[in-house]
Amino acid sequence: MKTVEVREVLKDLIVLRAVDRDIKYFESLWEIPEGVTYNSYVLRTSEGSILFDTVKHGFSEEYVDALRRVTDLRDIKYVVIQHMEPDHSSSLKALSNLSDFRAEVLGHPLTAKLIKSLLGIDVKFRPVRDGEVLRLDDITLKFLHTPWLHWPETIFTHIEELSALMTCDAFGAYSVPPYSISDLTLLRTDYVKYMRKYFVNIIGHYRDNVVKALDKLSTLNLKIELIAPSHGAVLSGADVIKEVLNLYRSWAEAVPKDKKVVILYTSMYGYNEEIIRKLLSAVSKDNVDVKVFRFTSYHRDNVSDFLGEVIDAKVIVIATSTYDNSVFPITKYLLEVLLSKSNAEKPVYLITTYGWNDAASRELKNILMKSKFKLSRELSVNSLLTEADLQKLNDISKEILTYLDIS
Ligand SMILES: Cc1cc2nc3c(=O)[nH]c(=O)nc-3n(C[C@H](O)[C@H](O)[C@H](O)COP(=O)(O)O)c2cc1C
Ligand SMILES: [Fe+2]
Ligand SMILES: [Fe+2]
């Protein structure tokens with residue numbers, strides 16, 4: 001069912017959120033059984049309404065109906081397009097076809113070109129400069145260029161009178177949460193994991209730009225009491241705002257959590273599985289937070305979750321096999337997205353198994369050498385563990401525990 005919910009976030013600020021529980025792969029890549037929302041916002045002013053972003057096509061009809069319940073389309077003075085990815089921009093096409101839609105579209109200078117190439121429509125468009133202020137009678141908007149969060153044309157908008165920051169993808173999350181979160185306990189439930197997962201999957205490749213955007217926000221000293229992203233919940237309350245700003249910086253800098261180990265393994269016939277079973281029984285101490293991701297004949301974890309967990313891991317273990325004189329294909333893919341989204345200076349322990357020639361080991365070492373990851377130790381096993389391999393595995397577990405400060 002296509003639902004577009006309407007809720008008042010603050011007096012005069014209304015969220016219209018399209019709820020997508022049917023989606024399986026966000027961007028046709030990332031597994032999200034938790035679903036996602038696409039949020040658009042209407043700000044009512046004495047001089048007319050301002051619309052921030054729209055929702056994904058497929059929801060356009062329900063979205064336009066919901067919008068009509070909130071405002072007369074003729075009263076929409078501006079549409080601020082903060083990001084042109086179609087999950088946010090594509091219902092602009094449906095709006096532009098309506099005779100009672102007359103709004104001027106505001107966005108980054110690059111947006112004009114993308115409206116034409118992605119939507120194929122002509123609209124009244126005005127580019128906004130970084131730091132440009134738009135004053136209406138009772139409302140002051142400040143536009144900030146925040147490139148690469150998540151595309152080059154991304155902007156944030158600060159609404160001075162509401163101390164609200166409209167951030168599109170940034171501070172967004174997967175899942176269909178309560179429409180507003182103002183309580184730390186609620187934030188710290190699964191929601192923060194969905195936020196981290198979304199961050200890594202979508203903006204992980206551009207983490208340096210996240211740091212720049214956060215620095216820009218603190219330099220400008222903007223009053224932020226509410227963050228309104230275009231996926232997930234609206235965030236408010238001093239504690240929540242402070243925590244999400246801090247979390248965003250720590251994820252952008254891939255700051256590790258003290259005792260967190262992420263283990264990734266593939267196993268066709270159980271050789272790697274057996275090795276990981278032994279490693280797990282050695283490192284699974286009470287206070288060690290171990291997250292295991294399996295790719296086997298009977299189980300496949302989500303790549304999207306794996307990437308989300310890696311960003312704040314302290315240690316990573318990869319165990320996989322040689323397949324057709326190369327690295328096991330799924331591992332190749334996992335490494336490719338890992339290096340694109342979560343490339344960070346973290347120690348990696350590499351375990352490879354083979355039958356007659358360990359091509360996986362050679363290839364993976366080459367890949368890791370070109371990344372920021374630091375190869376700590378490696379273990380190459382001719383399928384079944386020998387006594388000498390067991391000794392090396394034991395050394396690896398001990399080294400991991402020492403690194404985690406656990407004796
Ligand atoms: C389809 C298939 C292809 C394989 N290709 C190679 C290979 O090219 N070179 C090699 O040394 N071993 C090869 N092997 C052997 C595996 O790498 C080895 O048995 C490994 O221990 C399997 O570990 P796993 O069961 O944890 O996946 C292959 C095994 C399978 C099933
Ligand atoms: Fe995006
Ligand atoms: Fe998005």
Side-chain angles (χ1 to χ4, degrees), residues 17-18 20 23 26-30 32 35-40 52-57 59 81-91 108 111 114 118 146-156 166-175 194-195 197-206 209-210 228-232 263-279 294-300 318-332 351-364 379-386 389:
R17 65 175 209 176
D20 196 349
I23 188 165
F26 194 80
E27 296 181 341
S28 299
L29 273 174
W30 315 117
I32 51 163
V36 70
T37 71
Y38 315 105
N39 309 340
S40 164
F52 292 91
D53 297 311
T54 68
V55 301
K56 193 178 173 183
H57 58 78
F59 290 87
I81 292 289
Q82 303 192 107
H83 175 28
M84 270 306 291
E85 189 168 2
D87 52 337
H88 307 293
S89 74
S90 52
S91 290
H108 188 281
T111 296
L114 289 171
L118 292 175
T146 49
W148 302 107
L149 310 185
H150 137 236
W151 281 6
E153 85 305 358
T154 323
I155 61 171
F156 286 178
M166 321 301 284
T167 56
C168 202
D169 276 338
F171 305 102
Y174 294 130
S175 77
Y194 295 137
M195 200 175 189
K197 176 178 169 183
Y198 183 82
F199 168 85
V200 178
N201 290 182
I202 307 307
I203 324 178
H205 188 75
Y206 306 105
N209 295 82
V210 174
S230 297
H231 300 286
I263 299 178
L264 161 72
Y265 77 87
T266 72
S267 199
M268 294 180 280
Y269 291 103
Y271 295 96
N272 279 289
E273 187 142 62
E274 178 57 16
I275 298 171
I276 292 303
R277 208 180 53 75
K278 288 196 156 52
L279 181 79
R294 295 178 285 164
F295 294 81
T296 71
S297 304
Y298 296 96
H299 187 89
R300 190 171 285 190
I318 298 172
T320 192
S321 59
T322 297
Y323 181 98
D324 290 349
N325 206 28
S326 185
V327 185
F328 188 69
I330 289 181
T331 313
K332 242 185 234 176
I351 296 165
T352 49
T353 63
Y354 65 100
W356 49 96
N357 173 18
D358 196 348
S361 169
R362 278 194 306 278
E363 276 181 38
L364 286 171
L379 171 61
S380 167
V381 180
N382 192 188
S383 292
L384 287 173
L385 284 161
T386 62
D389 296 329

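Atoms within each ligand, like the ligands themselves, are counted from 1 in listed order. Along the sequence shown, residues are numbered consecutively beginning with 1.
- Between R362 and T322, every side-chain heavy-atom pair lies at or beyond the 4.5 Å cut-off.
- Separation of the H88 and H231 ring centroids falls under the 6.0 Å cut-off.
- Inter-residue side-chain proximity for V210 and W148 is flagged as unmet; no heavy-atom pair is nearer than 4.5 Å.
- Excluding waters, the set of protein N/O/S atoms under 2.8 Å from the Fe ion (ligand 2) reads H83 NE2, E85 OE1, H150 ND1, D169 OD2.
- Checked against Y174 for a side chain to side chain donor-acceptor pair (under 3.5 Å), the options T37, D20, N201 give a single hit: N201.
- Between S91 and K56, the shortest heavy-atom contact is OG-O, 3.7 Å.
- Contact annotation: the side chain of I275 approaches that of V381 to within less than 4.5 Å [non-hydrogen atoms, C-beta and beyond].
- Counting only residues at least two apart or in different chains, salt bridge (Lys or Arg N to Asp or Glu O under 4.0 Å) contacts with residues 263-275 comprise E274-R277, E274-K278.
- The contact shell of ligand 1, taken as protein residues with any non-hydrogen atom closer than 4.0 angstrom, comprises T266, S267, M268, Y269, G270, Y271, N272, S321, T322, Y323, D324, N325, T353, Y354, G355, W356, N357, S383.
- For T111, there are no side chain to side chain donor-acceptor pair (under 3.5 Å) partners two or more places apart in sequence or in a different chain.
- No more than 12 heavy atoms of other residues, nucleotides or ligands lie within 6.0 Å of OH in Y271, so this atom counts as exposed by the packing criterion.
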